Student: 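Below is one structure. I have some questions about it.
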Amino acid sequence: MSQEHFPGIKKIAYEGPNTKNRLAFRHYNPDEIVGKKKMKDHLRFSMAYWHAMKNPLGDPFGGGTRQRPWDDGSDSVENAKRVADAGFEFMQKLSLDYYCFHDRDVAPELGDLQASNDALDAVADHLKKLQKQTGIKLLWGTACLFSHPRYMQGAATSPNADVYAIAAAQVKKAMDVTHRLGGLGYTFWGGREGYSTLLNTDMKRELANLAHFLHMAVDYKKKIGFKGQFYIEPKPREPSTHQYDSDAAACLNFLREFNLLDHFKLNIETNHATLALHRVEHELNVAANAGALGSIDANTGDELIGWDTDQFPTNIYMTTQMMLQLLRAGGFKTGGMNFDAKVRRESHEPIDLFHAHIGGMDAFARGLKIAHRIIQDGDLDRFVKTRYATFDSGIGKTVTAKKATFESLEKHALKLGDVVPASGRQEMLENLINDYMD
Ligand code: XUL
Ligand code: CO
C-alpha cells in the first residue's frame, strides 16, 4: 500500500459517548467484552466492496456524483489493484475486520471469459497479499450474475442454456478465488433469478434448473475442498417483479424441496426484508428457527420510497431487535455484519464513507449492549415464557408432547366455559424496551 488514499483521516478510535469528535466511535469499542465475547467477535463487521469502493452513486434520474480518486474508471488490472489498496486502507482505518465482494467488483469484466478470469486471478494475488499484511479476512465472495446484458432474463434461471453455462463458469471461478483467499463463505443472491410475466415463463423448469445449479455448486465445493458456508440471500422484488428467493420462508421451502437445506444458510438483508413487507427481526427469526441464520447484510430502507435504498443503519430500536435475534440464536459462526449500504447521492465526499460506517458500527454496538442487558435481566423472556405457560401443564402439556388428539381436546373443551386469554401487553413491553434506551 504505497499511496495514502484517505489523507488526513487517522485510524478511527473509540472515544466514548461524550466525545465531540465526529470521526470517533462513541460505542464501538472492539476489544470490550460483552457477555463472553469481545464486541468485534460478536459483530464481525464487513465492508461491501461494491458499495464502499465501486458505487458511483447514480440514481434513475442522473449519473454518479461521487469522488473516488482511487478509481480511474479504466478496465486495467493496475486500476483494480489501486482500488484494493484504497479498500484495505479504508478497512484498517475503520477496524473493519472482514470484506465481501462480487467477482466483477474486484476485477474488470473483459471481452471474453478467459481474459476476465485471468484479470481476476491477478487481482486475487494482490488481495491475498493485502489480507496477509493486514489480517483482514474475506467474509464471503460471490459472482455478479445480474449486470451484464446476457443476464437480462436471469442466469441460473435463464431460458437460454448458453447463458446458464456462462453463469456456471463464472460461479466456478468465483468459488475458486473465494477458496484461494480463505473466504469464510460464498453467497448466492438471486440477482435476476425471477420473472416479469408468466406469459413467457416456465417457472417449474426455471426452479428445477436453479436447484441443479446449486447442486453443482455443492458438488464443486466438495471437489475443491472449500469448507466455507454457502448462503442464499432472500429478496422479494427488484430487479424482477417476482424474485424466486422472495423471503426467508420461500428460500427455506425451496432448499427443502430440492434437498439443499443441509448445504445452505441464509444471509438476511434488512432492506430486502422491508421490501418483502417483513420486519428484519421476523426474517432473522424465521431463519434462526430453521437453524439457518448464517449472516447479515446490514442496511435499512427509506419507508417513504418503495425501492432498495440500501441506507446505513442508524436506528437503535432496529439494531436492538436484530441483536436480540442474533444473540438468542447463538451469534455468528461463519457469518458477519456486512454493510451492504451506500451513502446518499448527496454525500459525495470520501469522508462521508467514514461517517456512514462509524454510524452503522456505533448503532450495532449500542444494539448489542442493549440486547445483552435485556437478555441478562430476563424480564422480556420471562414474559414470553409465561404467556405460553398453559402449554407447560395440564391439557396444554399433552399438546406440547404431541399426545393430544381432536377427541381428547374436545373432551377438555366441553368442560370449559368461555375462555379469555391474558393480555398480550404490547404497550407495557414497548415501555420496557424504552427503559434500556439510555
Ligand atoms: C442486492 C444485494 C447484493 C447482494 C450480493 O440487493 O443485496 O448486493 O448482497 O449480490
Ligand atoms: Co445484500
Side-chain angles (χ1 to χ4, degrees), residues 44-60 87 98-107 109 138-148 151 154-157 167 170-171 173-175 177-178 183-194 210 213-214 217 228-248 250-251 264-276 278 280 283-284 287 293-302 305-313 322 335-343 360:
R44 295 162 66 91
F45 287 127
S46 158
M47 179 190 84
Y49 211 100
W50 53 99
H51 282 317
M53 288 301 113
K54 297 295 287 184
N55 197 326
L57 302 182
D59 73 9
Y98 300 89
Y99 71 115
C100 298
F101 65 67
H102 301 84
D103 49 0
R104 304 309 182 221
D105 307 328
V106 291
E109 173 145 24
L138 177 60
L139 188 69
W140 48 259
T142 186
C144 177
L145 302 181
F146 43 89
S147 293
H148 194 283
Y151 297 128
T157 62
Q170 212 182 308
V171 169
K173 184 69 190 174
M175 282 175 63
V177 167
T178 300
L184 301 176
Y186 185 94
T187 292
F188 294 85
W189 168 55
R192 294 184 190 273
E193 314 301 15
L210 175 61
F213 193 95
L214 297 177
Q229 176 65 50
F230 274 171
Y231 306 111
I232 299 250
E233 182 177 325
K235 181 171 181 176
R237 63 183 71 86
E238 230 188 67
S240 312
T241 313
H242 299 273
Q243 296 277 126
Y244 290 134
D245 300 328
S246 55
D247 67 359
C251 287
F264 288 82
K265 290 193 191 312
L266 302 185
N267 179 34
I268 301 294
E269 177 164 328
T270 316
N271 205 166
H272 297 179
T274 321
L275 290 172
H278 296 307
V280 62
E283 290 292 85
L284 292 170
L293 174 48
S295 201
I296 294 178
D297 267 9
N299 61 18
T300 194
D302 185 328
I305 300 181
W307 72 74
D308 197 5
T309 57
D310 281 344
Q311 285 168 240
F312 275 84
M322 292 174 74
M337 196 70 79
N338 175 46
F339 285 112
D340 193 354
K342 61 186 179 203
V343 291

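Note that these values count all heavy atoms, side chains included, but never hydrogens, waters or copies made by symmetry. Ligands are counted one by one from 1 in listed order, and the atoms in each one are counted from 1 as well. Since we're looking at a predicted model, the values are computed, not measured.
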Student: Can you tell me which residue among Trp140, Trp189, Phe264 is in a side chain to side chain contact (heavy atoms under 4.5 Å, CB included) with Tyr231?
Tutor: Trp140
Student: Can you sort out which atoms of ligand 1 are near Asp308, meaning under 4.0 Å from one of its heavy atoms?
Tutor: 6 (O)
Student: With atoms numbered from 1 as shown, which atoms in ligand 1 lie under 4.0 angstrom from a non-hydrogen atom of Asp297?
Tutor: 9 (O)
Student: Locate the shortest heavy-atom distance separating Cys144 from Asp103; write the atom from each residue and the value.
Tutor: N-OD1, 2.8 Å
Student: Donor-acceptor pair, distance only, cut-off 3.5 Å: does the side chain of Thr142 make one with the backbone of His102?
Tutor: no
Student: If you have a sec, work out which protein heavy atom is nearest atom 10 (O) of ligand 1 and how many Å separate them, to one decimal?
Tutor: His102 NE2, 2.7 Å
Student: Record the part of Glu233 in heavy-atom contact with ligand 1 below 4.0 Å; permitted values are side chain, backbone, both and neither.
Tutor: side chain
Student: Provide the protein N, O or S atoms situated under 2.8 Å from the Co ion (ligand 2); waters are not included.
Tutor: Glu233 OE2, Glu269 OE1, Asp297 OD2, Asp340 OD2
Student: Looking only at the side chains, is there a donor atom on one of Ser240 and Gln243 sitting less than 3.5 Å from an acceptor on the other?
Tutor: yes
Student: Any non-hydrogen atom of His272 lying under 4.0 Å from ligand 1?
Tutor: yes
Student: Please indicate whether any nitrogen or oxygen in Asn267 is less than 3.5 Å from any nitrogen or oxygen in ligand 1.
Tutor: no
Student: Quick check: do Met53 and Met47 have side-chain heavy atoms less than 4.5 Å from each other?
Tutor: yes
Student: Side chains of Asp245 and Cys251, heavy atoms from C-beta outward: is any pair under 4.5 Å?
Tutor: yes
Student: I'd like to know if Thr187 contacts ligand 1, where contact means a heavy-atom distance under 4.0 Å to any ligand atom.
Tutor: no
Student: Should Phe312 and Asn299 count as side-chain neighbours, where that means a heavy-atom distance under 4.5 Å?
Tutor: no
Student: With a 3.5 Å distance limit and no angle check, can you tell me whether Asp310 reaches the backbone of Asn271 through a side-chain donor-acceptor pair?
Tutor: no
Student: Tell me the closest heavy-atom pair linking Ala273 and Glu283, and the distance in Å.
Tutor: CB-CG, 3.6 Å
Student: Would you say the side chain of Tyr151 lies within less than 4.5 Å of the side chain of Gln170, judging by non-hydrogen atoms?
Tutor: yes
Student: Taking only heavy atoms of Trp50, which atoms of ligand 1 are found under 4.0 Å from at least one of them?
Tutor: 8 (O), 9 (O)
